[in-house]
Amino acid sequence: MMLKGKTALVTGSTSGIGLGIATALAQQGANILLNGFGDIESPKAQIAKLGVQVDYHGADLSQPAQIADMMAFAAQRFGRVDILVNNAGIQCVANIEDFPPEKWDAIIAINLSSAFHTVRLALPAMRAAQWGRIINTASAHGLVASAQKVAYVAAKHGIVGLTKTVALETATTGITCNAICPGWVLTPLVQKQIDDRAARESIPVEKARSDLLGEKQPSGQFVTIEQLGGLAVFLCSPAADQVRGAAWQMDGGWTAQ
Ligand code: NAD
């Protein structure tokens with residue numbers, strides 16, 4: 001129970017990787033503030049079963065005023081945010097000439113700018129406590145590009161840069177800031193890309209899934225949300241006190257190529 005008494009805010013934690021990270025942090029005793037859309041009650045119940053305090057704020061992370069409201073709620077409900085996981089993200093797949101400008105704006109706002117706002121609002125209390133952990137869910141696409149993902153790749157490269165800057169600004173403190181860079185993880189965000197591919201190429205979903213993996217991920221296996229949760233727990237541990245500004249791949253070899 002390494003994180004007993006600490007509070008973690010995990011954005012985009014009603015589903016997928018965020019819920020996996022929130023669960024892993026709660027297993028270490030951290031109280032959890034969930035955020036995201038969709039079904040709220042089952043993620044809340046899943047975390048509450050672990051015997052920690054759990055609450056939810058429904059901020060739309062494309063809206064800076066709602067982010068400010070979420071951060072104020074976290075401080076009022078839990079005292080402060082000790083562990084901030086910037087995880088919410090969306091995707092859109094299209095060539096740049098066909099890429100809807102409003103999708104560009106939404107992806108930059110949700111996948112990148114929201115972390116600027118949460119970090120700037122969380123840091124003063126972390127500095128006062130002389131301890132904090134900031135973990136940004138980037139992607140293999142924070143390190144290398146793929147065609148048809150211009151906004152996502154730009155936002156994920158951006159969040160790796162944000163991570164390094166915050167790590168330098170906090171380098172002499174007990175606050176660390178790191179990014180994690182998953183390869184393919186079988187979440188709703190990726191299932192949609194598999195389904196779209198199957199429809200586009202008129203192939204079975206199973207074939208679309210193995211083609212998607214085979215193209216990029218040498219291991220041929222998905223990264224799991226439990227493995228990413230384990231990495232987040234490590235980054236919160238004393239062993240990671242000097243891990244600062246890292247962009248840590250967990251990608252089945254994707255970016256080793
Ligand atoms: P997901 O769709 O399962 O989860 C996304 C979460 O973000 C959900 O909780 C959703 O409600 C929330 N969200 C979306 N828009 C939001 C908004 N405007 N305000 C607040 N919350 C919002 O997807 P996932 O695969 O778990 O993705 C989580 C993160 O991991 C994303 O940043 C994604 O880019 C990144 N990532 C995913 C993969 C993968 O293969 N699945 C790989 C690398 C990185």
Side-chain angles (χ1 to χ4, degrees), residues 2-3 6 8-13 15-28 30 32 34-36 61 81-91 107 110-112 114-116 118-119 122 132-146 149 152-168 170 175-190 216-219 221-256:
M2 182 181 75
L3 301 176
K6 305 263 194 254
L9 163 58
V10 185
T11 69
S13 48
S15 157
I17 295 169
L19 183 55
I21 291 177
T23 303
L25 298 177
Q27 283 165 343
Q28 293 297 322
I32 303 290
L34 295 167
N35 157 261
L61 297 188
V81 173
D82 303 288
I83 300 165
L84 170 64
V85 183
N86 290 304
N87 170 81
I90 59 169
Q91 179 61 284
I107 290 175
I110 296 164
N111 297 19
L112 177 58
S114 69
F116 163 72
T118 56
V119 171
R133 289 290 188 260
I134 300 168
I135 300 172
N136 298 319
T137 307
S139 167
H141 284 122
L143 303 170
V144 295
S146 294
K149 294 187 174 173
Y152 189 85
V153 169
K156 294 300 186 180
H157 275 66
I159 202 150
V160 169
L162 178 150
T163 300
K164 291 176 183 174
T165 303
V166 174
L168 291 178
T170 55
I175 304 161
T176 70
C177 180
N178 293 290
I180 59 178
C181 298
W184 291 124
V185 187
L186 193 53
T187 65
L189 182 139
V190 166
K216 298 281 184 185
Q217 203 143 301
S219 68
Q221 293 180 42
F222 287 104
V223 178
T224 69
I225 60 172
E226 290 78 13
Q227 289 161 348
L228 289 163
L231 177 56
V233 167
F234 166 69
L235 289 172
C236 292
S237 74
D241 276 354
Q242 291 308 322
V243 181
R244 292 170 184 268
W248 196 304
Q249 299 103 309
M250 187 180 273
D251 63 5
W254 179 326
T255 54

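The distance from atom CD1 of I180 to atom CD of Q249, rounded to the nearest 0.5 Å, is 12.0 Å. One finds the NE2 atom of H157 at 9.5 Å from the OG atom of S139 (value rounded to the nearest 0.5 Å). If you take OG1 on T118 and CG on N86, they are separated by 3.5 Å, rounding to the nearest 0.5 Å. Rounding to the nearest 0.5 Å places OG1 of T176 at 9.0 Å from CD of Q242. Of the inter-residue distances, the one linking I107 atom CD1 with K156 atom NZ reads 10.0 Å to the nearest 0.5 angstrom. To the nearest 0.5 Å, atoms CG (L34) and OG (S13) are separated by 4.0 Å.
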As a quick check of understanding, evaluate side-chain contact (heavy atoms from CB on, under 4.5 Å) for Q227 and F222, giving each step before the final call. CA-CA 10 Å; Q227 289 161 348; F222 287 104; over 6 Å; no
side-chain contact (heavy atoms from CB on, under 4.5 Å) between I159 and T137, intermediate numbers included: CA-CA 8 Å; I159 202 150; T137 307; over 6 Å; no
Worked check of side-chain contact (heavy atoms from CB on, under 4.5 Å) between Q217 and V223: CA-CA 10 Å; Q217 203 143 301; V223 178; 3.9 Å; yes
Stepwise side-chain contact (heavy atoms from CB on, under 4.5 Å) test for I135 and C236: CA-CA 9 Å; I135 300 172; C236 292; 4.0 Å; yes
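Using a 4.5 Å heavy-atom cutoff, the side chains of K164 and L168 are not in contact. You'll find the side chain of V10 stays beyond 4.5 Å of the side chain of L19, heavy atoms only. Between M2 and V233, some side-chain heavy-atom pair lies under the 4.5 Å cut-off. In this structure, I83 and L9 have side chains that are not in contact, with every pair of non-hydrogen atoms separated by 4.5 Å or more. Using a 4.5 Å heavy-atom cutoff, the side chains of R133 and I175 are not in contact.
Considering every non-hydrogen atom in both A8 and L25, the closest pair reads CB-CD1, 3.8 Å. Among all heavy-atom pairs drawn from I32 and A22, the shortest one is CD1-O, 3.5 Å. The two residues A138 and C181 have their closest heavy-atom pair at CB-SG, 4.0 Å. Smallest separation of non-hydrogen atoms from V144 and W254: CG2-NE1, 3.7 Å. For the pair G245 and N178, the tightest heavy-atom approach, listed with the atom from each and the gap, is N-OD1, 3.0 Å. Taking all atoms of both residues into account, the shortest heavy-atom contact from A155 to L112 is O-CD1, 3.9 Å.
For D251 (side chain) and P182 (main-chain N/O), no donor-acceptor pair under 3.5 Å exists by modelled atom type.
For the residue pair T163 and N136, a side-chain donor N or O sits within less than 3.5 Å of a side-chain acceptor on the partner. Remark: the T11 side chain and the N87 side chain contain no N/O donor-acceptor pair separated by less than 3.5 Å.
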Could you pull out all donor-acceptor pairs under 3.5 Å where a side-chain atom in residues 183-190 meets a protein atom, sequence neighbours excluded?
unit_1, atom_1, unit_2, atom_2, d
W184, NE1, L212, O, 3.1
T187, OG1, L189, N, 3.4

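The only option from V243, I134, L84, T165 that meets the side chain to side chain contact (heavy atoms under 4.5 Å, CB included) definition with C177 turns out to be I134.
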